Amino acid sequence: VISRIIEDLTYDRRLYKNKSQKPHVMFQPFFCIGDKLILSSRIVRISNMALNLWHLLKFVRPKLHSRLISLKEGIWVPEIISELESKGLKCVPNISYDGGEIDLVILDVQKKFGLLCELKWLTRSDDVAGTHQVDLEIMKGVEQAERGFSWASSNVSAFRSKMATQGTD
C-alpha cells in the first residue's frame with residue numbers, strides 16, 4: 001500500500017503528454033533522479049497537499065475518484081435534504097431521464113414553487129489553472145441544469161410521475 005501511495009505521489013511524465021487535462025506538477029512532490037527518490041519539501045510546505053491529492057486521484061486512479069465522489073454525495077445530499085426539510089421544503093433527489101439526471105428538486109408546496117438543482121462538489125483552488133477548471137465545471141453544470149429543466153418543462157407528465165414515485169405529488 002505504501003509503495004502505491006509513493007508511486008502515485010511521484011512525478012510521472014506520462015501524465016503530462018497529449019492530454020487536454022493534465023495534473024498540476026505540484027500534485028506530485030516526489031521525483032526520481034537516477035535511482036534516488038527525492039521529496040520536494042518546498043512543494044509540500046507551499047501547497048495544499050490534501051487538496052492536491054484529491055485532484056491527483058482524478059488522473060492516477062479515476063475509478064477510485066469517482067467512487068469517492070459518490071460516497072461523498074451519499075453523505076452530503078441527505079444532509080442538504082435534512083436541512084431544507086427542517087425549513088418546511090420538500091426535496092426529491094436523483095430524477096433520472098434520457099440524457100441525464102436532475103440531482104435535486106426542492107419544492108415549496110405552499111408557494112407552488114420548485115427549484116431544479118445540478119449539484120457540483122467543488123473545491124477552492126489556489127491557482128489560476130485550478131480556478132479555470134472550476135469555471136469549466138460550473139459551465140458544465142449550467143448546461144446539465146438547462147438540459148434537466150428543458151426535459152422537465154417539455155415532459156411534465158413524466159416529470160410528475162417520477163416525482164410521485166419518490167413520494168411527492
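Counting from 1, the numbers follow the sequence of the chain as shown. Everything numeric here is computed off the predicted structure, so don't read it as measured data.
In the hydrophobic cluster analysis, where Ile, Leu, Val, Met, Phe, Trp and Tyr join through side-chain heavy atoms closer than 4.5 angstrom, I75 is grouped together with I80. I33 and I43 are members of different hydrophobic clusters when ILVMFWY side chains are connected at heavy-atom separations under 4.5 Å. Clustering ILVMFWY residues whenever any of their side-chain heavy atoms sit less than 4.5 angstrom apart, transitively, puts F113 in the very cluster that holds L84. Residues I46 and I38 fall into different hydrophobic clusters, defined by Ile, Leu, Val, Met, Phe, Trp and Tyr side chains chained together at heavy-atom separations under 4.5 Å.
W54 and H65 have tilted rings, their planes meeting at an angle from 30° to 60° on a 0 to 90° scale.
Here the CD1 atom belonging to I102 is positioned 11.5 Å from the CG atom belonging to L119, to the nearest 0.5 angstrom. Between atom CG of residue N155 and atom NZ of residue K162 there is a gap of 9.5 Å, rounded to the nearest 0.5 Å.
The closest side-chain heavy-atom distance from E73 to W76 is not below 4.5 Å. At a threshold of 4.5 Å between non-hydrogen side-chain atoms, the residues F27 and L9 do not count as touching. Considering only heavy atoms from C-beta on, F159 comes within 4.5 Å of W151 through its side chain. Under the 4.5 Å side-chain criterion, counting only non-hydrogen atoms from C-beta, L107 is in contact with M163. Contact annotation: the side chain of Q110 approaches that of D108 to within less than 4.5 Å [non-hydrogen atoms, C-beta and beyond].
The environment of F149 atom CZ is sparse: at most 12 non-hydrogen atoms of other residues, nucleotides or ligands sit within 6.0 angstrom. Counting non-hydrogen atoms of neighbouring residues, nucleotides and ligands closer than 6.0 angstrom, the NZ atom of K120 exceeds 12 such neighbours. Within a 6.0 Å sphere centred on CZ of R61, other residues, nucleotides and ligands contribute more than 12 heavy atoms.
Taking both residues in full, the closest heavy atoms of G99 and R147 are given as O-NE, 3.9 Å, listed atom of the first, atom of the second, then distance.
Remark: side-chain polar atoms of S66 are not paired, donor with acceptor, to backbone N or O of K63 under 3.5 angstrom.
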